[in-house]
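The structure appears right after this line, and notes come after that.
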Amino acid sequence: MRLSQFHLSTVKEIPADADIESQRLMLRSGMLRKLAAGIYTWTPLGLRVLRKVETVVREEMNRAGALEMLMPSIQPKELWDETGRWEKFGGQLLKIKDRAEREFCYGPTHEEVITDFARAELRSYKQLPLNFYQIQTKFRDEIRPRFGVMRAREFLMKDAYSFHLTPECMAQTYQVMFDAYTRIFTRLGLQFRAVQADSGAIGGNSSHEFQVLAESGEDAIAFSDTSDFAANIELAEAVAPSTIAPAATAALTLVDTPKQKTIEEISGFLKVDPTQCLKTLIVQGRDGLVALCLRGDHEINEVKAAKLAELPGESVLAEEAQIVKIIGCKPGFIGPIGLTIPVIVDRAAAVLADFVCGANKDGQHYTGANWQRDAQVTRVADIRKVVAGDASPDGHGTLKIARGIEVGHVFQLGQNYAQAMNATVLDEAGKARVMYMGCYGIGVSRIVAAAIEQNFDTAGIRWPEAMAPWQVAICVINPKNNAEVNDAATALLQELQQMQIDAVIDDRGLRPGVMFADIELIGIPHRLVISERGLLAGTLEYRARAETENQVLPRAEAIALLQ
Ligand code: ATP
Ligand code: MG
Ligand code: MG
Ligand code: MG
């Protein structure tokens, strides 16, 4: 490749509407151009980097035995109705209609499509396990698209879905994917941490996020200074209460007295449609009575709370209480039957309860929704944000807090989707069994931005070797009408190609300072300078992107440095 025949379009000015360094540098280096909010064009330069990431992801997925396929990005509403997610996915789902008014969405994720594929394709347990993946453009109508491709609306994801007869088999593939992700992010040269993540309604320890460590990260992670404990801070906050000294916890009692408000009263006060109200309940909080209103369909996807003032003889709905956090029921997730929903109201009381969540489909869930009276109900007096220095929830060491960028997420889904969509195979005894599933996502385009957040300086990007658009730039001094240096550059390029090194010749004829500034800005890890003077002396000038000094070396020695 020759830059004289390439479209390199670097920009000096710092873009005004860019919030973080990776976004500024991707725009300045000419990797990206914005088309609309959260929607970007990848230029030939940007695409080279994106493809390098994709290649590593693909190689490792293949190595781990996953099978590549490609699903449509446009998905029919009917499939999403089967899981209830057409409604539940919320505003992130971009809904579209065709000319016949049939409804579709632009896929934000592909659980429905792959489960539909699997129920049609898979008949026998003998075909399992199988792990399918694709690398594909997703669309999520994020409320606040920002940070360039970091939180875009249109972005590239690798998503994989595995199918199993048993939960043990699902756990095995989960581990295989966990290890593949570890290899992927290591090969990409990223500093990352795998952390336990909120596994939504499933519970247990069945979800991990891979977080690239960076100050600009939107996530926070908490990890122990002495043990392996590492979790997304949301999860650390959820598990921390149970490790607070037992003295701090006290039973939170459900109140069920004649004074109890009716569904209509509570939902009316909280402005929730009573027909959408799964259940209301009143609990004794630290500072008095709290009324909770659980709204949802197959699952609870909203919890609202009100404080109750007690007057002699009656309780009065006094003011809306702030729900600080609801853990364990994520919009867009099909709730299993026994659901644990810790709810933190006003940071004062945590309700940790098994909630029997019913859907409305016979044979799939219980109908109706029941509050289990004898379930464990715990109040934590001093729930607070997890901060550095807190005792680690696993009892070993103290917590450190770091910021991170979620670049990957692995998940044991269990039977939720397969059950909702009736995806079964016949077992050894010829009996239909609902399959177990895992799902595994990687933000391919987000990785590009995340890598820059970890690797830049005042001159520009400093690509990790595996992601660089080219590993080596051969900078030609005065290429115009100088056949000798041009031929030497071409010969060097060919030699490097034979060594499997991806190199580019900068033969644009720019002044050396301007040329070097561009090469530094776009982050090429190694630079070799060919000049007439060097040719005469048999030397090349070498500089690593990370260094500040040039080395003038005999040609062979300079090339040997690149091996
Ligand atoms: P986030 O918490 O950042 O919104 P998510 O948990 O919604 O991400 P997943 O559903 O787990 O995302 O999707 C798998 C991966 O896709 C994420 O780990 C992330 O790397 C990437 N991803 C998700 N949303 C975006 C986005 N808006 N722009 C770029 N990449 C994204
Ligand atoms: Mg998201
Ligand atoms: Mg997330
Ligand atoms: Mg995630």
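Position 1 is the first residue of the sequence; numbering continues from there. When reading the values below, keep in mind they use all heavy atoms of this one structure, side chains included, and skip hydrogens, waters and symmetry mates. Given the structure is predicted, the values throughout are model-derived calculations rather than measurements. Each ligand, and each atom within it, is numbered from 1 in the order the structure gives.
Of all the listed residues (M150, M157, R140), R140 holds the heavy atom that lies closest to atom 10 (O) of ligand 1. Between atom 18 (O) of ligand 1 and the options R446, K138, H409, E406, the minimum heavy-atom separation is to E406.
Between S445 and ligand 1 there is no heavy-atom distance shorter than 4.0 Å. The closest approach between T109 and ligand 1 stays at or above 4.0 Å for every heavy atom of the residue.
Looking only at its N/O/S atoms, E406 has OE1 as the one nearest to the Mg ion (ligand 3). The atom of H409 nearest to the Mg ion (ligand 4) is ND1, with the search restricted to N, O or S atoms.
Numbered from 1 in the order shown, with element, the atoms of ligand 1 that lie under 4.0 Å from a heavy atom of G408 read 18 (O). Shown in contact with E142 at under 4.0 Å from a heavy atom are these atoms of ligand 1, numbered in order with element: 24 (N), 26 (C), 27 (N).
At least one N or O atom of R151 sits closer than 3.5 Å to an N or O atom of ligand 1. Backbone and side-chain nitrogen or oxygen atoms of G441 are examined, and none is located within less than 3.5 angstrom of a nitrogen or oxygen of ligand 1.
For Y106 and T137, the side-chain atoms include no donor-acceptor pair closer than 3.5 Å. Side-chain contact annotation: D225 with T398, donor-acceptor N/O pair under 3.5 Å present. Side-chain contact annotation: N232 with Q196, donor-acceptor N/O pair under 3.5 Å absent.
Shown here for C439 and Y161, the closest heavy-atom pair between the two residues is CB-CD2, 3.7 Å.
By the criterion of a heavy-atom distance under 4.0 Å, the backbone of V149, and not its side chain, is placed next to ligand 1.
Note that R153 lies outside the cation-pi zone of F139, set by a 6.0 Å cut-off to the ring centre and a 45° limit from the axis.
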Original post:
Does the pair R403 and E453 meet the rule for a side chain to side chain contact (heavy atoms under 4.5 Å, CB included), with working shown?
Top reply: CA-CA 12 Å; R403 299 214 62 87; E453 289 298 319; over 6 Å; no
Subject >> Pair W470-F6, ring-ring contact (aromatic ring centres under 6.0 Å, His included): steps then yes or no >> reply: CA-CA 13 Å; W470 297 280; F6 192 76; 5.1 Å; yes
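R63 contributes atom CZ, which lies 10.0 Å from atom CD1 of I184 (distance to the nearest 0.5 angstrom).
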